[in-house]
Amino acid sequence: MRVIIQSDPSTVGIWTARHIAEAIRMAASQNKPFILGLATGSTPIPTYAELVRMHKEEGLSFAHVTTFNMDEYVGLPQEHPESYHSFMWKNLFSHIDIPHGNVNILNGNANDLLQECANYERLIAAAGGIDLFLGGIGVDGHLAFNEPFSSLSSRTRVMNLTIDTRIVNSRFFDGDINAVPKQALTVGVATVCDARQVVLLATGYAKATALKHTVEGEVSHVWTASALQMHPDAIIVCDEPASDNLKVSTYKYFKEIETER
Ligand code: GLP
C-alpha cells in the first residue's frame with residue numbers, strides 16, 4: 001500500500017487527477033480502452049474539477065474511457081439532485097467527451113434489484129475488469145456503501161444503510177435523515193478489490209479514525225476499507241488532517257518514502 005499525504009483537499013484532487021490522467025493517456029497511447037471505477041461524495045469533487053480542467057485546457061480525452069460508479073441510492077429518482085446519477089453528470093460527465101453509452105451507474109429504481117446487481121458484475125467482467133477504481137471512505141470506514149460487517153468477499157448487492165451513514169449523508173438532504181434513502185445498491189468489497197489498482201481518497205479530520213484503521217489496523221470487516229491491505233496495488237491519497245491519527249512513525253515512513261520516489 002502507498003499512502004500519499006498532501007496538504008489539503010485541493011492538492012489531493014490535483015495529485016489524483018494527474019495520476020488518473022496519466023493512466024488514461026497511457027491506455028490511449030496503446031490503443032486500449034480504459035475502465036475507470038468512480039465514487040461520489042464530497043471528497044472526489046476536487047479530483048473531478050481537475051479532470052474537467054485538464055479536458056478543457058490540456059485536451060485530456062475520455063473518448064475511450066468506460067466508467068462504472070460504485071453505488072446508487074435505492075428508490076431515489078435519477079433526476080433527484082442528490083441521486084448519484086445527478087452528481088456524476090453535474091460534476092464530471094457533462095463537462096467531458098465521454099460517450100454516454102460508456103457510463104455505467106447502478107439503477108436504484110430497477111424492478112428487479114438483484115438482477116440489476118448481478119448484471120452489473122457481468123458488465124464489469126465483459127468490459128475486461130476495472131483498471132483503476134477511485135473510492136472514498138465513510139466516517140465508519142465504509143468503502144462504497146459496504147457498511148461495517150460487510151463481507152470482504154462481497155459482490156454488488158442491495159445494502160441497508162446504517163443510521164450513522166444516513167445521519168452523515170443527511171447534510172445533502174437539508175439535514176432531514178428521513179429524506180435519506182434507507183437502502184443503496186453498491187459494488188462489493190471484492191468488486192473493488194478486483195480492480196487492477198484502487199485509489200482511495202480521504203480528506204478532513206472526520207476521516208482520521210477510519211484512515212487509521214484502514215492503514216494501521218487489522219484487516220477486518222468492521223472497517224471494510226481495511227481490505228485494501230490485501231490489494232497488490234492500493235494507493236491512499238489523503239490530506240494532513242485525515243492523517244492526524246496515524247502513528248508518528250507511520251506518518252514519517254510514508255512521507256519519506258514518497259519524497260524519495
Ligand atoms: C457515501 C458514498 C461513499 C463515500 C462516502 C464518503 O457514503 N457511498 O462512496 O466514500 O459517502 O463521502 P464524503 O466524500 O462526502 O465524505
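In listed order, ligands and their atoms are each counted from 1. Everything numeric here is computed off the predicted structure, so don't read it as measured data. Numbering starts at 1 and runs along the sequence shown.
Looking at Thr40 next to ligand 1, no N or O pair under 3.5 Å apart turns up.
Only the side chain of Asn169 comes within 4.0 Å of ligand 1, counting heavy atoms alone; its backbone N, CA, C and O stay farther away. Only the side chain of Tyr84 comes within 4.0 Å of ligand 1, counting heavy atoms alone; its backbone N, CA, C and O stay farther away. Of all the heavy atoms of Arg171, the ones lying under 4.0 Å from any atom of ligand 1 belong exclusively to the side chain.
Closest protein heavy atom to atom 6 (C) of ligand 1: Ile137 O, 3.5 Å. For atom 8 (N) of ligand 1, the closest non-hydrogen atom of the protein is Asp71 OD2, 2.8 Å. Scanning all protein heavy atoms for the shortest distance to atom 16 (O) of ligand 1 gives Lys207 NZ, 2.6 Å. For atom 5 (C) of ligand 1, the closest heavy atom belonging to the protein is His142 NE2, 3.8 Å.
We find that Glu256 and Lys252 are not joined by a salt bridge, their nearest charged nitrogen and carboxylate oxygen being 4.0 Å or further apart.
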Please evaluate residues Gln6 and Asp239 with respect to the criterion side chain to side chain donor-acceptor pair (under 3.5 Å), reporting the C-alpha separation (whole Å), side-chain torsions for both, the decisive distance (0.1 Å), and the verdict. CA-CA 5 Å; Gln6 296 286 314; Asp239 66 358; over 6 Å; no
Kindly determine whether Trp89 and His95 satisfy ring-ring contact (aromatic ring centres under 6.0 Å, His included), including the steps that lead there. CA-CA 8 Å; Trp89 285 98; His95 311 288; 9.8 Å; no
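With Cys193 as the fixed residue, the side-chain contact (heavy atoms from CB on, under 4.5 Å) test singles out one of Leu228, Val198, Leu152: Leu228.
Counting all heavy atoms, side chain and backbone alike, Leu161 lies closest to Ala184 at CD2-CB, 4.0 Å. Here the closest heavy-atom approach between residue Leu92 and residue Leu51 is recorded as CD1-CB, 4.3 Å. Nearest heavy atom pair, residue Lys207 against residue Thr43, reads NZ-OG1, 3.7 Å.
Under 3.5 Å, the side chains of Glu240 and Tyr251 contain a donor-acceptor pair of N or O atoms.
Of the listed residues (Ala144, Gly41, Ser42, Ala39), the one carrying the non-hydrogen atom nearest atom 3 (C) of ligand 1 is Ala144.
Listed by atom number, the atoms of ligand 1 under 4.0 Å from Gly136 heavy atoms are 10 (O). Residue Thr43 approaches ligand 1 through these ligand atoms, each under 4.0 Å from one of its heavy atoms: 13 (P), 14 (O), 16 (O).
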